Structures are given as C-alpha cells and as structure tokens.
Number of protein chains: 4
Amino acid sequence: MAKGKTEVRAWIDENYEDLRNVARVIWERPEVELEEEFASGLQANVLERAGFDVTRGLAGLPTAFVAEAGSGEPTIGILGEYDALPGLSQKVQAEEEPLEEGGAGHGCGHNLLGTAGVGAAIAVKRVLDAGTGSGTVRYYGCPAEETLLGKVLLARDGAFDDLDAALTWHPMNTNAPWMAESLAMNSVQFNFEGTSAHASAAPERGRSALDAVELMNTGANYLREHVPDPVRLHYSIVEGGGKPNIVPKEAAVWYYVRAPSRQRVESVTERLEKVAEGAATMTETTVETEYRAGCYDTLPNGVLGSTILENMAEIGEVGFSEEEYELARDLRRTVDDVEETMSRQGVPDDIIETELHGAPVDEIYDEGEQFTASTDVGDVSWNVPLGQFTAAAWPIGVSAHSWQSTAASGSEIGYKAMRFASKVLASTAIDLFRDEAILENATREFEAASEGSDYTAPLPEDFVSPT
Amino acid sequence: MAKGKTEVRAWIDENYEDLRNVARVIWERPEVELEEEFASGLQANVLERAGFDVTRGLAGLPTAFVAEAGSGEPTIGILGEYDALPGLSQKVQAEEEPLEEGGAGHGCGHNLLGTAGVGAAIAVKRVLDAGTGSGTVRYYGCPAEETLLGKVLLARDGAFDDLDAALTWHPMNTNAPWMAESLAMNSVQFNFEGTSAHASAAPERGRSALDAVELMNTGANYLREHVPDPVRLHYSIVEGGGKPNIVPKEAAVWYYVRAPSRQRVESVTERLEKVAEGAATMTETTVETEYRAGCYDTLPNGVLGSTILENMAEIGEVGFSEEEYELARDLRRTVDDVEETMSRQGVPDDIIETELHGAPVDEIYDEGEQFTASTDVGDVSWNVPLGQFTAAAWPIGVSAHSWQSTAASGSEIGYKAMRFASKVLASTAIDLFRDEAILENATREFEAASEGSDYTAPLPEDFVSPT
Amino acid sequence: MAKGKTEVRAWIDENYEDLRNVARVIWERPEVELEEEFASGLQANVLERAGFDVTRGLAGLPTAFVAEAGSGEPTIGILGEYDALPGLSQKVQAEEEPLEEGGAGHGCGHNLLGTAGVGAAIAVKRVLDAGTGSGTVRYYGCPAEETLLGKVLLARDGAFDDLDAALTWHPMNTNAPWMAESLAMNSVQFNFEGTSAHASAAPERGRSALDAVELMNTGANYLREHVPDPVRLHYSIVEGGGKPNIVPKEAAVWYYVRAPSRQRVESVTERLEKVAEGAATMTETTVETEYRAGCYDTLPNGVLGSTILENMAEIGEVGFSEEEYELARDLRRTVDDVEETMSRQGVPDDIIETELHGAPVDEIYDEGEQFTASTDVGDVSWNVPLGQFTAAAWPIGVSAHSWQSTAASGSEIGYKAMRFASKVLASTAIDLFRDEAILENATREFEAASEGSDYTAPLPEDFVSPT
Amino acid sequence: MAKGKTEVRAWIDENYEDLRNVARVIWERPEVELEEEFASGLQANVLERAGFDVTRGLAGLPTAFVAEAGSGEPTIGILGEYDALPGLSQKVQAEEEPLEEGGAGHGCGHNLLGTAGVGAAIAVKRVLDAGTGSGTVRYYGCPAEETLLGKVLLARDGAFDDLDAALTWHPMNTNAPWMAESLAMNSVQFNFEGTSAHASAAPERGRSALDAVELMNTGANYLREHVPDPVRLHYSIVEGGGKPNIVPKEAAVWYYVRAPSRQRVESVTERLEKVAEGAATMTETTVETEYRAGCYDTLPNGVLGSTILENMAEIGEVGFSEEEYELARDLRRTVDDVEETMSRQGVPDDIIETELHGAPVDEIYDEGEQFTASTDVGDVSWNVPLGQFTAAAWPIGVSAHSWQSTAASGSEIGYKAMRFASKVLASTAIDLFRDEAILENATREFEAASEGSDYTAPLPEDFVSPT
C-alpha cells in the first residue's frame, strides 16, 4: 500500500465525529440550488481553519468556493456538492413524514457528498504537509448540481483548467467505481408570444401562444421517430394561459434534451428549435429560446476507476451495525418492486438480494453502460481525467430523490457511507500524488477518449446564473 | 305617463347624493366574487333601514340576499350585482395607474349596477306604500356574476320561482334596451391522472397526464369543424407538469363551451367529454370532469324592451356635464381602434361617432343579434320575463373589463349613468305594477319563447359553491 | 307584358320536343369535366344551325364555346353548363340502380341547364331578328363547372368583358329567383417532399412528408378557432405513404378554403400556407403549393331577381302531370329527413310540405342568405350584373349530387323544369333588350355592390387548364 | 471431416448447371407473394423427379409445399423461399434499367434462396440413400416471405412440429453465420368508419374517419415516449378521404409494430389499439382492427452457427471470377455511402473495404446484435433449433431490395453464392445426421433460450391467407 494512505484513513476515522456533525447540520438545514449559504459557508470555514486558502464566490456564483493547500504539481481536485431538493423534507425514520411540511430535503445525499470531500481534502493536506508526496490539493464547493449549473459555470470560467485530475463520488446504494456514462443534456425553455383577444367575442383577432406550445409539442412527439436511439425528450408546460376567455398572449414550454453525446444533444436541440419555429410560423406568434442549463455526458476513466477499486478493496467493509441493517430492511420494505428498480439501474443480481451494501464490489460492473440521467460532473470529465464512485448511503431498492433516501442520508447509514467515501477519495488522491504512472495513464486515456473535443461550455455566451 | 313614475324619478334625484356615496364606497373597496361582504352588507342595511324585509345568505351563498317590500301580486324583482374583477385596480383618471398595485377593480361597473337597483327598489316601495299600484317589490343581491355562479345557484334554489318579472341593467357605453342574446355556457375542467416516472430513466413506466391534456386539446380542435356555428370552445392548461424530468402524473385543462342555446352547450359538452375520455384511453390515464360553472343564454323580452324604451324616452338626457365629456374624450383617446371595437359590439354607426352617449336610443337596434359573451342573467331570463338595458357608464370605444371602464365607473360619468338606470328600473317597475296588460303580454311572449324548456340549473346536482 | 315575351314562350313550347331530345341524349351520354365533347359539340351545332356565329374552344378549353347572334348593344349572355358527375350513373326510376356500373351521371342536372339556355338563346334571336328589340344575344357553353374551372378561365380570358348582363339558372327543387350568396373558394393542394429511409433500420435518416401533412392538418384544425365565422376548411389526404416500412418521401393534402368573400378566402389561404410552411420547417421537409381551382362568391342582383320573379309569375305553372307527381312522391320516399335537409337549404316551410314545386314562389325568400357551397357562376357575377334562378327539376327533399336527382334529371320532371327555365331566361332577356331602365338599374346596383373590387381571376397567372 | 460431406459438395458441383438454370428461370419470371405458381411448381417437380415425396398446398397456401425423403429420426428441414418484389424489375447490368417497366424483380435473391435448398436436399438424400447416416430430410417450399405470411401460416398449421432442426440462409453481401436477432413484428391496419356529410353545407353532421386516423397517429407519436427502447412504430395512411367537399366516412392507417420480442410487440400493439379506440371515441367513429401479418423475432442457435462456420471454413472460397469482381465493382460504384450503409448493418470494417466477399468470415461477428428488420424465419426459430447464414450474392455496399441486388441475383455472382450456400446447407445437414451430439446440444440451447415460450402463431385464430 502506498505510504500516506494509512494516515489519511486513520485521520478520517479519528475525526469522524466532526465530519458527521458537519453532514448532520447541513442535512438539518437543507438549502436548495444557489441558496446554499449555510452549507458552503460552513465547509469553507472548516477548510480555512484547517489551513486551506479559500476563495469564496466563483464564476458569478456566491455559494461556490475553492479551497487549496500544498503547492506544485500535480494539482488534484476533489468535487463537493451541498444543494438539497425542494419538497423532500423527511424525518429519519422508515415511514414517510416530513420534518417540515413542504420543506426541502437532502434526497440526493449532498450533505454527505460535500462533507466526505472536505474530510478527504484535509486528510490529504496533512499527509502532504508531512512530506509524503507533493503537489496541490483542492476542494471545489460546487453549488446547484440539481439544476446542472454549478460545475458548468465553473468549467466555463476555467476553474478546472489547471487541474490534473478530479475525484468525486455520489451517495447511492452500492460501493463501486462509477463507470457508466451519464447523458449529456440541454434544458431549454421556449417562450411564445402571440396576441390576446376575447376568446368568445373575437377569437379571430387572437394569435394563441398556447396553440403554438401545443403544436410545438405535437411536432416534438413526431420528431421522436426521427432521432437516433437513445435520445430523451421531455417537457412540461410552464405557462398554459390564464382564464379560458382570453386567447393566451403568452405561453411557455420547458424541454430537456438528452443524448449520449454533447454533439447529439446539440443537433437534436437544433431540430427542436426548428419545430418551435415551425409552430410559431403556423400560429403567427413569435418564439424566444431560453437556455436554462446544459451539461456534458460523463467520460469515465478506466485507470482512475481501477485505482478506486483497489482502494475500496483495501478499505474493505463500511462497517454498518445491526441497527443500521434493521433500518435498511425497514426502508426497503416501503419500496415496491425493488428488483425491477435496481436491475434497471444495472445493479448486479447478487447485490439486489442484500438489503444494504456493506462491502465494495469485487470488480467494475457498469463499464460501457448508459446511465439515463445527467449530472454536471460530466462537464468536469471533459476537462480533466475524472475518477468517480458511489457509496451505499441508502439501502438497495431505494432510489435517489425519494423520502427514503432523504431519511437514510440523515441516518448513521449515510454518515458511515460518507466516512467510507472520504477514505476512498483521500486514498485515491494519495495514489495520484505518489505514483506518477497512474496520472500519466489516466491522462493518456482521457486524451484518447476526448480527442477532437475541445470543451466548450454548453450554455450561450451571454448566459448568467439566475442567482 | 303612468302615475307613480314622476314620483320615483323625483325620489331618485333627491337621494342621488346618498346613492352616489353607496356606489362610491363600493368602488373604493372592490371585492371579488364570493367575497362581497362589505358591498352586500351595505346594500342590505340600506334596504333594511328603508323598511325592507331582508334575508341574508341564500342558496349557500353568504353574500347573496333578498330584500322585499309591499305585498300581494304581482311580484317584480330587481337584480343587483356587486362583485369586482381581479387585477383591474385603477385611479379615476385617463391614464393607466392602479389605485393599489395588483388589486381588484370595478371594471364591469357592478358598484353602479347594484346601487341603481337599490335606489329603484326603495323609490318603488315608497310609491307602493303611498297606494299607487299594489304588489311586491324585491331586490336580489346577486354575488359572483363574473364567475357565473350567483344567479345560477339562486335559480337552482328556486329564488325566482314566485317572481312575475325581473328587471336589470348593465353599465356599458349606450343607453338602450338590451335585446341581443348572450351565449349559454359551461365552464368545465378536465383533471387527468396518470403515473409518474423518471422521464429519462424509465419513460416507458410513465403514463403522462400532460400527454392526455394535449391529445384532448388536439381532439377538441378537430371537433371544431363538426359543431354547428356559432359554438365557442376555448381553454387554458391550468396544470402542465412540474420539472420536465418527471412524467407528469397530474395535468388539467379548463374549458369554456359556449353556444346560443343551453341544449347545444350541453350537447357539445357531451362531445367534449368524449374527446377527454378518448384522450384518457389513448394514454392509459384517467380523467375526472369538474363542472366549475354554467349558465343559460338570455331570452330577451320584446314587451319589456319596448316598455324600457318608452321610459328612457320620457326620462331623456342623462345629463353629463362638459367636464364629464372632457374625461370621456380623454379616455376614448387611450383606446385603439374605437370604430372596429364598437362595430363589433353592434353599436350603430351614428353612435360610434360620439364620445359619450348622453341620451337614449330612439329604437331597439340589437334585436336578434348575438352577444358573444355570457352572463348568469340568462338563467333568470329562463325563469321569468326579463327586462334588461344598458346605460352609458363609460365612453363609446371603451370596453368592459378595462382600466378605462374601471376609471369611468368610479367617476361622475358612472354615477350619472347609475342615476339614469335607477330611474329606468323604477319607472318600468311602476308600469308593471300599474298596467296589467304589460305583464300579461310579457308573460305570454316569455311562455311562447321558452316553451318546452323547463328550467334546470346548468350545474351538477351535487355542485356546491366554492365559498 | 313586354312585346316579344309571348313569342319566345310560344317558340319554346313549339320546339319543346327538340329541346327535350337534346337534354335527353346528353343525359344518356354523361361526360365529366373537360371531357364534354359530345354535349358541347351538339349544342354548338344546334346553335350554328339556328344561325348563330359559333366560336369553339375558348381560354384553352376545347369544350368551351360561345355562340352569338344579333348586333349592337346591349349584349346579354346566357350561361350554360353540361358536365356530369363521376359515379352517379342511375336509371330513371325511384330505386337506386346504375345505368352503367361505376359510370358518371347528371346528378346536377346540367343536361337541362345548358339546353334550357340553348332554347332561350334561339327564341330570343328570332324575336330580335323580327325587329322586336335590338342588341346581341350570346350563349356561353361553359365546361367543368363541377371543378370550378370553366367560367373562371373564361373570365380570366376576358370572355365576359363586353357583356352587359348575364342570365343563368340551376336545376333544383324550387322555382325561384336565386338570391342567396354562394361561398368564394380556393382549392389548393400542398405537396410535401422529405427524405425516405427504412423506417425500421434507419428512421433517424428519414424526414417524413407524411409527418408534415399530419402536422399541417393539426395546425389547420387549431387555425379554425382563429378565423372569422363562417369560414370553411376541409381537406383529404391524397397521398399518405406507401408500405409502412419506408419513411414517406412524398405526401400530399388537398384543401378547400371557403368564405363569404374572395378577400377572406385569400387571407385564410395565406394563413393556411403559413401553417404548411411551419409544418415543413418542423419536419425538415419542403412544401409546394399547387392551386387546383378557385372561384368568387356570387353577387346577387336584386333588379334582375325582381325581373325574373315577375316573369315567373307571368309564366305560371310548370305543368307537371299526375304521373310526374307520382314519380316525385316515390323519389321523395327514398330520402331520409326531408324536412331537415330542406330547411337547411333555406326552403320555406310551406314549400317543404309539397312533393314537387309546381308553380313559382310569390316572393324572393333567400335574400341575404348564405348558400354554403361554391360555383364558378360567382366569377361571372363579379364581372357583370347576373340574374340567376332555380327551377324544380327534382322533388322537394332530393338534394343535388344524388342518385335521385340524376333520375329526375332524366325524367319528364326535369324536361318540364328545363322548359320553364328556358322561358324565364328568354323572357328576362327580352325585358333587358326592351326596357333600358332595367339594365341601367341592374348595372347601377352591380356597380355599387362590387365597388372597389376589380375582378382578378382567383388562379395563379401561370395556371393552365388540366385538359 | 464427417463422411458424406465430400459427397454432397461434389454432387452440387456436378449439378451446378442444372441448379443454376432453375434459379435463372425463376429470376426471369418473377412472381410476387402468393402468386409463385411457376417457381413452386418447378421446384416441387425437380424434387419429385429426384425421388422426394411431395405434398403440394399446405396451410391453405396453394404455392406452399413440402418434399420429404429418407426415414426415421432425426428429421432435418431445409427452408426455401421464391417470392419476388413488386417494382424491382432490372436487367443484369450495372445501370438501372428495368427488364419490364414496372414489373417485379428478385431484389431479395429468393430465386437463389430456394434453389440452393433444393440442391442441398437432393444431395443429402443421395448420401442418406447410400447409407451414410440415417434420418429424414425435408425441403419446405415457403411462399410469401416478403409479407411475412408463409412460414407463419405453416407454423400455425404445425408443419414444423415433428422437425428436429431447420436450416436456411439468405442472399446478402457476406458469407457468415447469421446470429443477429431480427425484430418480431405485427402488421395491423386500423379501419375507421364515421358519417359522411357535405363538408361545407353541414360539417356538423359529419363524423370524420380521417380525423380519427389523424388523432390516432398523433396519439401514437405521443406513445413513442412511453414504450421501451427499441420499439419501432411506423405507418402510412392508406385511405385518406376522397374529394375534400365530403367529410370522409372511411379512412384507414396501416401500422407496423416491431420490437425485439414477441411479447413486447403484443403489449405495444395492445396499447396502440387503445390509441385507436381513443381516437374513435374522440370522433364518434368506429374502428376495426385488421391483422395483416405478424412474426416472431429470430432465436439464433450458437451450436448450429458454429457448425455452419466450420463447414464454411472447409468449403473455402466461393470462387468468383475476375469478371464477377468487375461487375461487383461496377455495381458498388452506383451506391452512395457504402461505408455507412454497411457499418449500419454491422458488417466489420475490414470486410467493408472489399468489393465482393469471396471467402467466409473467420468468426461469428454479429452475436447479440439487433437486426432491425423482420422475417418469418423467426417463427420457425421458435419451433425448432434454427441454423441460418448469409452468402454473398451481391457486392459489399449493395442493400437488399435494390435494383443492384436484383441485377446481382440474376448474375453469375448470385449463382455462385447459391452454389456455396447449397454446399453449406447440405454439409450442415450431414453433420446433423451423423453427429448426434450436435443436434443434442443445439436442442438443449434452443430449449434453454425459448423456455417458457410455447409458440403461438402471431395471427388471429380466424385469420386466413388473402390468397
């Protein structure tokens, strides 16, 4: 085992109570996208107190920050997130009940995500300070993952330009390197404007923006046949007219376009814009295209994946107690169709059987798989080699963005997953600092895989954060 | 001139200041549908103090009331309204500026409408008390005209069953009997429910309620070809899905169905329900039909129309001052396309030229015309012979439901229109009390016109007011 | 009675057998649009033999001709038609049975229409030759009325430019001046072209022309709400793809656009073209607009209508025999819903009761009415004052374009209607030749009604007849 | 090499001229689906003369037949086809030019397909007759493959019930076992019936069957989002109304539904039927579902695939001459985008480079691939273990169903491919007769793969062949 790895793991074990508290207070005070003042402030302070140089506010995002320690090459970044989800407030129990009616909740476990990174960064700094390995370690406090904004704006701003590799994880239901590719995506709203008129007295004088929205959607459904598999198009009508007696002057529809590559997302978006334009022509209305967000697919890195797998093996069991297994079983019982849900996510059959994934997988099982969701981690992965993994923060059978995952993220299950993840992050960072070959190979793989693709942020140049 | 008519007109002139104050304070304190506590309370109190028997709260509507005086036959009802419109707050001036940002306003002049009736009822009572004519006079305080609920619920409750004739008016831009027929209408919402699913990860497991709404609307637009002219169908999507990444479990669309007869509205509504059902079948969702309101077309009464015309001729000029003409001209200047707007409403060419209609028309000009809007006065007109007219409460060129009509309704123009209308209502009531032949002829006409139509309220039996 | 009118009627009676034979042989040999070689040839020969100067082939239409007699002013034209309808072959009997399976038939009675005009023209010529009145009489042999081409191409070619008035009639179920206005119309086909591809192997490479057609139609159904009443839009898909396994490269939809005025037809057609363009944009296909036909609404002429009414009164009974009434009753019995069908056509209630209209109406009953079909007679009516009427060639209850009207048009009912019509045409022409005031008044009325409308043929400049 | 294989190959070489003549005359006299009287008669006669017992007419298909020789177990079937494609008539040359304008052509090479099987069956019979191996050999003459009817009706009729294995091939552009899975499919037509009416005079009385078709298609396009990948839905409108002036009483749309499994095809078809039903409900029309054809996906058999691969290796080069390579190059030159077309079909890169595939592949390259078309061979593959391969009857770059494949199928390229295929079929059959283990393993694999699936023909019970 590379020197320094024992040290980082020990430090994390010793400081588990503090890290657990950070994750717990963030869980108790959930903040949605771009409002993560408490969480980002807390983490920045913790890192600053630990001797990091902290820059608060990046790329026009007040709740983004970067904390840096060490010096020289290589520069290894650890990515953290801390935004919560609206409407997912939930108590730590196996029965649905909000902590605060209608409140937000950490259904994606970002209270754990960021904190594991904070712990890893500090542990690594201490090893570097002790002279074991050299280089620079950074923690990126990334807001607004749920709306795919944070890392995209950071990437556009060049925040990852001088990085050599990035490491991150995500709370989930298995302990495994994450090699499946997420979908690139655009989030685009089409705002139509027509002419209002009394719908009964003078409908012929009206030009209905809602007609345009509906015709656009009809056109988009026809378009489905003529785009390559797998493309995902989905939408909601965010403005559908007021009282029926007025021909709607304004109406709007919000689309997500997803595909396995950025290029395809762009080409389908272009075709969708033609559909919108056609709908406007049909109805004598006008349409304005409003880009709300966008991201890249993730480019997994096999070299970093293998390094992560090895570190997981060394770390071994997560160490759940019987009490935690009990809670896992109770939560799992509230889920219909565990088997189907999990197999859809590509979880291997033997894992599906267990209630809680207590030890890491033996091998990578999702290489070449398509993960049918999107994350702004994708954008980082097209800038630098990215190592990414999951840790079991909730039981097998539970999905992210559920009340069950919110409960688990605030329970000891979640905190132990965070501890495990923190050790994996730190160990892998140490490997990168100490074994040049790993970084060289990872970089070579990255360059081959991304060849020809010069990263350009998937947002219009004049896009500014809605903060 | 029938005895008693001089008296009612004189009484109204003498008490103009008081009536004006009632209309003014209601204008200053606009209350939207079903919230008309102040206005209904004030009018009920005024009538009670004048010796009327008042019953507050009718047909499950706390802000409805009836005030009665006199005794024996015939029973003549005067219909009043007092609800305001959301978002139409406006100062009394010829420039758009709200009194209260986002507040309600009397853009339909109901502050004048009800108060004119209150004045007329009291004036008539005094004449009856004096022994000139005999019978019963009633004032109906009718809430929620704007949502077509008040008179419909009253009619369903039998409030007009023992009435011999009803009289009412509406603030508008001419002084004339109102013989055009308004459209019968249904206001129906279709609530679809499907199955939610992650729109990217498992769209095949979702059944989209929004798909159903859109397919229903497509079907409804195809239906347009196959319904008789003139039918009006218009809708808005009141629930169109949340974030696009979830297949919408719930979605809803709100329709108005209008046609010249109740029967046709019902038959088209039935066909629209089939369209909704077909959309649910297509998408494997379910649909629930929610009746929100409905009303009859108006059945104009020529006998009462002629009586009104005669009384208008006797009353003569409204009596606008030069200052009021000045305001009218200023308001008119803020309106585009005066000529077109007015001619669409069937206003004769010679009237369009003037800025403010200061004297009544010479003859009925809108007999057999279709008025392409709806009112719950229609329901009364299918219960008893109805006399209805308009008085010029705002300038020629101004439409109802505008900031200009709100301004005019709070100005001296509106108050003088109210005075004129009050006199016409009272005079016509006196005619009905004193000349049996008028009521007989009006009743005969009513019976011939409504033959075979037994009034049934256009609402499901289990419908209750949303109060 | 004006001198000459007795003579023309007598001549028609005397030559009834010959005229009847002309109408009969044309009925026996039905020829569809642009193929009327026999009918046009026969009529041209008959007129030539009677001393008319005949020009065969006009405006690029081989089966059009004009026959002229007399000299000087005024010039009065009589319009004739002779095309049959595909698929309407029927024996002269009250039971559906084709003369020739799948063959054409005179379901619109044009065998009578043209022949009545031929008889009238000859009778008038003889009176003019005898020195009673002076001027020029013309018979226009107009092909392809059913596809709205004949008179439109003649009008575009200037064939009616030097005419002072035109007279025509149409076989129908009443004897009456025809004052209702028919609808102006465009017949336009939209031909879409996309890119074919194997629909299973590579649908993403296809751009479906059928998608475009369907999206256009969806858009057109949405458009219905926003055009003024009454507009009629109807269409059929004339090319809808081949085997489903190929993405359709070509697809086409054929529209009729109808409205009460030429201007509105054009404005709605323009909007429909935008819908087509929008559909092409949506689907990345191209669209070509192909004008197939078009016509004007008819401008009725009250002066000529009154003159016709007077002549009808003078002529009196059509003279049907008991046998003919018997046939009429038998035919009428095969029709469902006589009352509804007839009242929809605006036939007065008292006429609906009778089985066969044996005498002319007493007064004009359809002034200001909208006739919801289209005819190329409309185009003539925007060039010169037009007198038009109907004669009862089939029983009340029978509609044009039915097997019953085909049977009646080949029966004695039809021939007697033709005789009556021939007399009305001839008498009215004589009035125009002898009483200058009628023509002056008719012209004055025409000029007032058509003011500002300079006739332009409703066809693209490069349109040529499909002959 | 198993005894008997040398013999069958030799026999085929010796009788090449005769087999070539059979294939040639069938090519020269192309007969489309269910009309293959000449081809089936010729092949049946040839086999009868060679000593086979022939049964002509099977499963209600006059042009189906089975020829049997030998006795006892096992029973090995060879599948043949002989139907041509409409509109693909073409001369044997590298320039598009029909042999007969608008005529049919063997664009799918079925002239070769069946004849290779006939040769193989006779060769095998001779070996069995000579006592080398024992069992029964059958040749199935299967009509109407192009419409997916022949083998499906045979399978429904039990024609494959007592078979132990089936062998077949398909002319294509490579010499290789065919292990890719074709798509299961339904071919279903939806016939709507409404009520006709004059579209201008009384559209409200019409119920448009074309509206129903369009709304069904709109619904089907919305359905696309909610079916699992990869499902294919495609359609054409086979009846879209007559002249636009009549509301269409009848309209029809023809759908193909394809998916990787029979079960999914059925479940999507059921959902499509709901869409049709919903469209009928919306429009007050009725719909009748007409099944036109259907088939299973193919279940490839690895054991038989390997046996075929070995035999191909033994047989070696196809033996094309320089002249044939010349023709291949000329034909290839007429094709755009050779590389893309071929890579879409999963042809390995190194093969794409060559103009004509002259030797078999070294290994199976398409295992687990999805072939995005359908064939009724699929139905056989769910009844018995199926060995299937392709032979290069046309150049790399040429697709089936093209004029180029028609030309090649009538050229020496095609005939040599047929000879090669005949040898592979015969050799593989000999292996099955002589090596019990192969059949046992193949059967075991078949049973494992098809477990739980009891074959039921994908056609309604009352379906009869359109012959």
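Note that this is a predicted model, so its numbers are computed, not measured. The chains referred to below are lettered A, B, ... by the order of the sequence lines, with proteins before strands, and numbering in each begins at 1.
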Turns out that what part of B:Val247 lies under 4.5 Å from chain D's heavy atoms comes down to side chain
In this structure, CG of D:Asp211 is separated from CD of B:Glu225 (nearest 0.5 Å) by 6.0 Å
Inset, instruction - Starting from the C-alpha separation in whole Å, work towards a yes-or-no answer on side-chain contact (heavy atoms from CB on, under 4.5 Å) for D:Glu214 and B:Tyr222. - result: CA-CA 10 Å; D:Glu214 290 185 20; B:Tyr222 275 76; 2.4 Å; yes
d(B:Thr281 OG1, D:Met282 CE) to nearest 0.5 Å is 8.5 Å
Under 4.5 Å to a heavy atom of chain D? For B:Leu223 that would be neither
- prompt: Counting N and O atoms only, with roles assigned by atom type, does the side chain of B:His226 sit under 3.5 Å from a partner on the main chain of D:Arg207, one being a donor and the other an acceptor?
  reply: no
Pair count under 4.5 Å, heavy atoms only, with chain D: among B:Ala280, B:Gly278, B:Gly219, highest is B:Gly278
If one checks every heavy atom of B:Glu284 against chain D at 4.5 Å, the contacting part turns out to be side chain
TODO: Any chance you could lay out the side-chain contact (heavy atoms from CB on, under 4.5 Å) test for D:Leu215 and B:Leu215, step after step, and finish with the verdict?
DONE: CA-CA 8 Å; D:Leu215 290 168; B:Leu215 290 167; over 6 Å; no
Does D:Gln263 CD have over 12 foreign heavy atoms under 6.0 Å away? no
